[in-house]
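Taking it in order: structure first as structure tokens, then the write-up.
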Amino acid sequence: MNRIDKQFAELREKGEKALVGFVLAGDPSFDRSLELLAAMCDAGLDVLELGVPFSDPTADGPVIQRGGLRALKSGSSLAGAIRMIGALRKKTDVPVVLFSYYNPIFAYGLEAFFRDAPAAGADGMLVVDLPPEEAAEMNEYLPDGNDFALIRLVAPTTPPERMHAIVKNASGFIYLISKAGVTGGGGLDPEGIRKQAATLRAASGLPLCVGFGVSTPDDAAMLAPFVDGVVIGSTFENIIEEYRDSPDLAERLAGQVRSFKAAMRETAAMNSHKTGRMGG
Amino acid sequence: MEHNNMHIETPAGAPRQGPVPDRYGHFGPYGGRYVAETLMSALLELEEAYVRISKEPSFQRELHDLLVDYVGRPTPLFFARRLTEHLGGAQIYLKREDLAHTGAHKINNTMGQGLLARRMGKKKLIAETGAGQHGVATATAAALFGMECRVFMGVEDIDRQAPNVHRMELLGAEVIPVASGAGTLKDAMNEAMRYWVSAVTDTHYVIGSVAGPHPYPMMVRDFQTIIGEEVKEQARANPGRQPDVLVACVGGGSNALGLFYPFLDDPVELVGVEAAGESIMSGRHAATLGVGTTGVLHGSKSYVLQESNGQIREAHSISAGLDYPGVGPEHAMLKDSGRARYASIDDGEALEAFHLLSRLEGIIPALESAHAVAWCVKEAPALPPETIIVVNLSGRGDKDLDIIARRAAAEEGTVK
């Protein structure tokens with residue numbers, strides 16, 4: 001069993017929801033980034049989404065755009081992100097998913113990417129601007145078997161019949177975009193998310209994680225009952241931006257990881273008390 | 001076109017033949033829809049609406065009437081006698097898109113997309129703009145159709161194309177400055193796409209070039225094809241036969257494709273002219289087809305200017321409308337097949353042609369179009385006098401007077 005499947009199985013066992021953390025590789029520098037990621041994993045992050053910086057991040061709001069710029073300035077790239085996973089694997093077994101726009105992967109070379117990324121210890125990928133219609137070229141190079149997950153996105157604007165088609169070839173987990181908009185806080189519609197989560201549950205047995213616009217432990221706790229995990233990105237990138245010169249940056253990020261986990265555990269406990277069962 | 005077929009993945013290695021683009025928006029290996037899932041349903045809806053509505057006789061009639069009565073079409077095909085004599089070679093004809101309402105070919109497309117958006121029930125238009133011509137044309141359509149309008153424009157371009165910013169504001173549009181990146185067309189397009197994701201239900205995004213995700217490259221081409229169709233018709237009367245060479249500047253490539261498209265199956269040489277900026281060697285240029293490589297930018301696969309690690313580079317040109325590191329996917333296909341060839345003209349050559357055309361013909365061209373004129377200045381003298389060249393004079397130069405004045409002042413400064 002690969003690390004992602006194993007992680008979600010264990011969390012389900014414990015009646016917990018996954019905290020998926022998005023951080024840009026190389027923000028603010030390679031060494032610092034490695035230290036921050038390790039600290040977040042140690043603090044209880046369940047899945048790491050390692051962002052590959054891109055010059056034209058059209059799906060991202062200002063916070064992640066600025067993080068990407070810092071990472072690019074430090075010389076980060078897809079190759080750097082893959083090297084970082086290799087270095088991180090010496091410290092942790094937390095599943096790592098590469099989150100990228102398509103062009104850096106295309107430029108790296110698909111064959112080389114699917115050789116190097118799994119070899120470094122990446123467990124899957126999510127390509128934000130590669131809908132299934134354009135994925136054939138890449139899928140030819142996908143490794144056989146279940147060891148490298150292809151995570152697919154579903155949006156609030158995705159109609160149900162399209163949802164079924166999207167999740168058909170997905171693996172790892174399904175990423176539910178919480179709002180029609182770019183990454184960053186605000187604009188959450190819990191009722192819409194609950195409905196879409198229910199439709200997705202019927203369409204796929206894969207774990208379901210919600211992201212884009214989830215920014216506080218309260219947001220995470222509110223959404224956790226509908227899903228298997230919550231993705232937090234801009235909140236972590238905000239902390240990196242604000243405290244990048246501060247010696248306690250790693251501890252601040254670790255503290256934030258613990259607050260998210262605690263808030264989600266609390267609702268899980270309340271829910272299990274109410275419904276008489278664990279999880280949901 | 002089928003849209004309800006939910007086998008949405010292209011079969012791997014499937015041959016791509018037949019009319020372009022195919023149902024996925026592919027032009028050979030280029031094109032497609034490389035966007036976040038949030039935009040997919042809007043693009044599918046737009047494609048479906050475009051294919052259906054653009055065939056309706058009432059739509060075609062309404063668009064035709066607007067192009068005649070409002071835009072002022074057909075635009076003339078003018079024999080540039082003094083320029084021809086000055087160069088002493090091939091005969092040069094100018095397709096006068098600069099005489100279209102708002103001063104550039106961009107209005108052909110915004111009339112089409114504006115009407116389409118209205119029939120789709122959209123209340124707002126957004127657009128990106130570089131030189132400001134597409135922004136003005138979109139603001140104009142919005143005013144005419146009673147719609148709200150927001151135009152995203154890089155801060156660098158706002159500075160160098162100030163007259164067009166004022167025009168957009170007079171037309172009732174809100175100009176949104178974009179400071180990210182180099183503050184030029186690429187960044188404006190990034191921001192417009194970001195905004196559209198959040199406003200997709202009531203807002204239509206009017207892309208101004210044959211770039212972006214499917215169906216834009218096809219749709220914008222179709223709306224601009226009137227340029228080439230008119231040339232074909234007009235050339236029958238004067239000069240009395242079809243041209244030998246068609247020349248147009250290429251940023252994203254909409255005026256070029258509008259001119260070329262009706263001639264693709266004819267024995268005519270097609271030349272696209274990119275901006276060589278300071279020079280190709282300097283790296284500060286916008287010669288995407290000349291020296292770019294295959295990549296994905298703004299929703300489609302095409303040639304792009306990029307680093308080896310897939311980061312998109314900044315383009316450079318004195319002309320804001322050509323200052324773009326991507327190019328329409330159909331041009332990429334035409335380049336590979338050899339059906340069209342792509343040359344480049346640097347800032348200095350474009351400026352010379354700008355002045356030359358102004359003095360010899362009394363026509364002040366847009367700096368974009370001056371690149372196509374400059375190609376003639378370079379190549380026409382060596383061509384036989386019976387050769388007929390049609391240059392797409394895609395826009396007028398009023399918007400560029402500031403740049404010209406600044407450049408002249410700077411040069412004067414250097415001399416002193």
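A note on names: the letters A, B, ... follow the listed sequences, proteins ahead of strands, and every chain is numbered from 1. What you are looking at is a predicted structure, and each value in this text was computed from that prediction instead of being measured.
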**Report entry** Parallel, tilted or perpendicular, as decided by the 30° and 60° cut-offs, for the rings of B/W196 and B/H204
**Finding:** perpendicular
Query - Plane angle bin for B/F152 and B/Y195 - parallel if under 30°, tilted between 30 and 60°, otherwise perpendicular - result: tilted
Report task. Pick whichever of A/F54, A/Y108, A/F212 has the most heavy-atom pairs under 4.5 Å with chain B. Result -> A/F54
Query raised in the report: Is a side-chain donor or acceptor of A/S76 paired with a backbone partner of A/A25 at a separation under 3.5 angstrom?
Result: yes
Query raised in the report: Given that the side chain runs from C-beta out, which part of A/I177 has a heavy atom under 4.5 Å from chain B: side chain, backbone, both or neither?
Result: side chain
Query raised in the report: Checking A/V127 against chain B: side chain, backbone, both or neither under 4.5 Å from a heavy atom?
Result: neither
Query raised in the report: With only heavy atoms counted, which part of B/T201 is less than 4.5 Å from chain A, the side chain, the backbone, both or neither?
Result: neither
**Report entry** Part of A/P62 within contact of chain B (heavy atom distance under 4.5 Å)
**Finding:** neither
Query raised in the report: Is the B/Y30 ring parallel, tilted or perpendicular to the B/Y303 ring (thresholds 30°, 60°)?
Result: tilted
Report task. Ignoring hydrogens and angles, state whether a donor on the side chain of A/S234 or A/N238 is under 3.5 Å from an acceptor on the partner side chain. Result -> no
Report task. Can you tell which part of A/I105 gets under 4.5 Å to a heavy atom of chain B, answering side chain, backbone, both or neither? Result -> neither
Query raised in the report: Which atoms of A/Y102 come close to chain B, meaning under 4.5 Å heavy atom to heavy atom: side chain ones, backbone ones, both, or neither?
Result: side chain
Query raised in the report: How about B/H214 and B/Y50: are their ring centres within less than 6.0 Å of each other?
Result: no
Query raised in the report: Which one, B/E191, B/K301, B/M193, leads in non-hydrogen pairs under 4.5 Å with chain A?
Result: B/K301
